[in-house]
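Working notes, structure below.
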Amino acid sequence: MTTRASRDQAAATVALWMATHLGWQVFPLNSGTKKPLGGCGACRADRADHLAADCPCLARQDGALCHGVWAASPDPEIITRWARRWQTKVWGLHLGVSGLLAVDLDTRAIAPPAQPLHGLDWPADARPPVDGLDVFAALAGLYGAGVDTDGTLCTQTPSGGLHLIYAAEPGRWKGSSVKNSSIRQGRVTSGLAWQVDIKSYAGHVVIPGSITAAGLYRRISATVVPAWRPAWLAEVLAATGHDRHAPTPAPASPPPAPAAAPRGTADLDIRGARFATGALRSACAELAAMAPDSGRNRKLFRSASRLAGMVAAGWIGRDQVATALAAAAAHAGLPAGEIRYAITSGFRTPRPASDLRSAA
């Protein structure tokens with residue numbers, strides 16, 4: 001039976017699990033504002049004469065909550081101490097330092113602009129979008145992709161919005177939020193798209209299990225392992241000025257038209273992608289649940305070898321497979337060196353992808 005105390009500490013429990021098993025950096029938030037808790041007087045934003053990198057409080061690594069998201073920690077002892085002291089129901093995940101990128105899809109009931117995509121025209125045959133979920137799905141569709149809310153870590157907000165969490169290059173991507181000032185003459189002129197916010201480098205999201213006055217943040221994906229950020233999304237982010245390593249963003253260009261496929265090929269590719277995604281999810285779930293001395297290393301190698309064949313067939317991305325398997329193996333307690341060796345060895349000896357007609 002779930003008690004009120006356990007429900008109130010749900011986010012702290014999730015935060016501790018994320019830090020312990022995935023190495024992510026988390027921190028407590030103000031239950032009312034969802035903002036980071038204030039640090040010492042000398043480090044508050046309106047008084048500080050130094051940056052987080054030069055902060056003597058953070059340098060002590062003892063859990064000082066100065067400089068907002070930069071106080072986040074992966075240390076279980078510090079997180080446990082925070083949980084006891086602050087008793088907050090709301091926790092945050094620092095995305096950039098955790099190697100993550102979040103797509104924040106809003107559902108505010110306001111009229112959309114005529115052109116809700118930055119740098120691209122809204123499809124002429126599409127109805128106007130209702131919210132950020134519509135916009136992001138349409139943007140993915142322009143690149144021949146879809147939005148899989150079950151294939152990566154996904155949190156639903158109390159308002160019905162979504163946080164799609166992807167693994168990404170640490171420190172590469174800038175965040176953005178499309179405000180009213182970003183819309184000129186009915187067209188979005190900065191950020192990514194209307195009601196679609198990007199959070200990464202210095203950004204954070206609220207952790208599943210958090211409870212605010214608006215309600216519960218809950219995980220709706222079957223997986224807790226983030227997929228690698230889609231290649232098409234990286235292309236769009238770079239084109240719209242989100243790449244911190246590119247001082248002059250390239251102008252956005254329309255996505256390439258999909259090449260005509262032989263009869264039956266498109267259906268086969270879709271089935272292949274679904275088969276591979278399911279195979280990866282099953283392999284990760286089985287691996288993460290394995291106990292020591294139960295063949296974890298052998299399981300990781302065989303899974304990598306099997307999925308490498310599906311990568312070769314074009315059903316799934318290599319980065320997505322490697323990232324997910326590594327996270328599952330780390331959860332099972334395998335050392336990092338053994339994980340790298342097993343995955344690398346598996347990809348060197350790929351097993352032929354099974355025939356979908358008999359395996360699907």
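- Nearest approach of A227 to T152, heavy atoms of both residues: N-OG1, 2.7 Å.
- To the nearest 0.5 Å, atoms OG (S210) and CZ (R218) are separated by 14.0 Å.
- For residues 140-149, there are no salt bridge (charged side-chain N to carboxylate O under 4.0 Å, His left out) pairs, not counting sequence neighbours.
- Counting only heavy atoms from C-beta outward, the side chains of T157 and H163 approach each other to under 4.5 Å.
- Linking Ile, Leu, Val, Met, Phe, Trp and Tyr residues whenever their side-chain heavy atoms come within less than 4.5 Å leaves V130 and V196 in two separate clusters.
- Judged by distance alone, the side chain of D106 and the main-chain N or O of R108 form no donor-acceptor pair under 3.5 Å.
- The closest side-chain heavy-atom distance from P36 to L29 is below 4.5 Å.
- Cluster annotation: L117 is connected to I110 through the hydrophobic network of ILVMFWY side chains, with a link wherever side-chain heavy atoms come within less than 4.5 Å.
- The line from OG of S200 to NZ of K174 is 12.0 Å long, rounded to the nearest 0.5 Å.
- Between the side chain of R244 and the backbone N or O of G171 there is at least one donor-acceptor pair closer than 3.5 Å.
- Neither side chain, K89 nor Y217, offers a donor N or O lying under 3.5 Å from an acceptor on the other.
- To the nearest 0.5 angstrom, L100 atom CG is 11.5 Å from E169 atom CD.
- When side chains are defined from C-beta on, R229 counts as touching W173, because their heavy atoms get closer than 4.5 Å.
- Taking the charged nitrogens against the carboxylate oxygens, R81 and D62 have no contact shorter than 4.0 Å, which rules out a salt bridge.
- Residue L162 holds its CG atom at 6.0 Å from CD of Q156, rounded to the nearest 0.5 Å.
- Taking hydrophobic clusters as Ile, Leu, Val, Met, Phe, Trp and Tyr residues chained together by side-chain heavy-atom distances below 4.5 Å, W228 does not share a cluster with V205.
- A salt bridge links R172 with D243: the closest approach of a Lys/Arg side-chain nitrogen to an acidic carboxylate oxygen falls below 4.0 angstrom.
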Determine, step by step, whether L307 and F347 satisfy the side-chain contact (heavy atoms from CB on, under 4.5 Å) criterion, reporting the C-alpha distance in whole Å, the side-chain angles of both residues, the deciding distance to 0.1 Å, and the verdict. CA-CA 8 Å; L307 285 155; F347 271 96; 5.7 Å; no

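- Here the closest heavy-atom approach between residue T323 and residue P226 is recorded as CG2-O, 4.2 Å.
- A 4.5 Å side-chain heavy-atom check between T80 and L16 finds at least one atom pair inside the cut-off.
- Nearest heavy-atom pair, F27 versus H94, reported as atom, atom and distance to 0.1 Å: CE2-N, 3.9 Å.
- Residues D131 and L105 form no side-chain contact, since every pair of their non-hydrogen atoms from C-beta on lies 4.5 Å or further apart.
- In this structure, P170 and V97 have side chains that are not in contact, with every pair of non-hydrogen atoms separated by 4.5 Å or more.
- Nearest heavy-atom pair, V206 versus K34, reported as atom, atom and distance to 0.1 Å: CG2-CD, 4.0 Å.
- No more than 12 heavy atoms of other residues, nucleotides or ligands shown are found within 6.0 angstrom of CZ on R351.
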After noting the C-alpha distance and the side-chain angles of H204 and V69, does the key distance pass the side-chain contact (heavy atoms from CB on, under 4.5 Å) rule? CA-CA 7 Å; H204 73 279; V69 298; 3.6 Å; yes

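- Under the rule for a side-chain contact (heavy atoms from CB on, under 4.5 Å), the partners of P230 that lie at least two apart in sequence or sit in another chain are Y166, W232, L233.
- Counting heavy atoms from C-beta outward, Q320 and L280 have side chains that approach closer than 4.5 Å.
- The CH2 atom of W91 sits 9.5 Å away from the OG1 atom of T13 when rounded to the nearest 0.5 Å.
- Grouped with L216 in one hydrophobic cluster are I211, the linkage being side-chain heavy-atom contacts under 4.5 Å among Ile, Leu, Val, Met, Phe, Trp and Tyr residues.
- Looking at Q25, its side chain never comes within 3.5 Å of a backbone N or O of L93 through a donor-acceptor pair.
- With hydrogens and angles ignored, the 3.5 Å screen pairs no side-chain donor or acceptor of T240 with any backbone N or O of L192.
- At least one donor-acceptor pair under 3.5 Å links the side chain of Q87 to the backbone N or O of A83.
- Other residues, nucleotides and ligands place more than 12 heavy atoms under 6.0 Å from the CZ atom of F301.
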Please step through side-chain contact (heavy atoms from CB on, under 4.5 Å) for the pair I79 and V26, ending with a clear verdict. CA-CA 8 Å; I79 296 165; V26 300; 3.4 Å; yes

Worked check of side-chain contact (heavy atoms from CB on, under 4.5 Å) between I207 and M18: CA-CA 10 Å; I207 283 175; M18 287 178 166; 4.0 Å; yes

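- The backbone N or O of P28 sits nowhere less than 3.5 Å from a side-chain atom of W86 that would complete a donor-acceptor pair.
- Of all the heavy atoms in T149 and C154, the pair that sits closest is O-CB, 3.4 Å.
- Inspection of the S221 and D150 side chains reveals no N or O donor paired with an N or O acceptor under 3.5 Å.
- Side chains of R187 and D121 form a contact here, defined as non-hydrogen atoms less than 4.5 Å apart.
- Put simply, OG1 on T349 and CZ on R306 are 14.0 Å apart, with the number rounded to the nearest 0.5 Å.
- No donor-acceptor pair closer than 3.5 Å links the side chain of D134 to the backbone N or O of A137.
- A donor-acceptor pair is defined here as one N or O able to donate and one able to accept, closer than 3.5 Å; such a pair exists between the side chain of T107 and the backbone of S159.
- Applying the 6.0 Å contact sphere to CZ of R281 captures more than 12 heavy atoms from other residues, nucleotides or ligands.
- S73 places no side-chain N or O within donor-acceptor distance of the main-chain N or O of I78, the cut-off being under 3.5 Å.
- S176 and G191 make their closest contact through OG-CA, 3.6 Å (heavy atoms, listed as atom of the first residue, atom of the second, distance).
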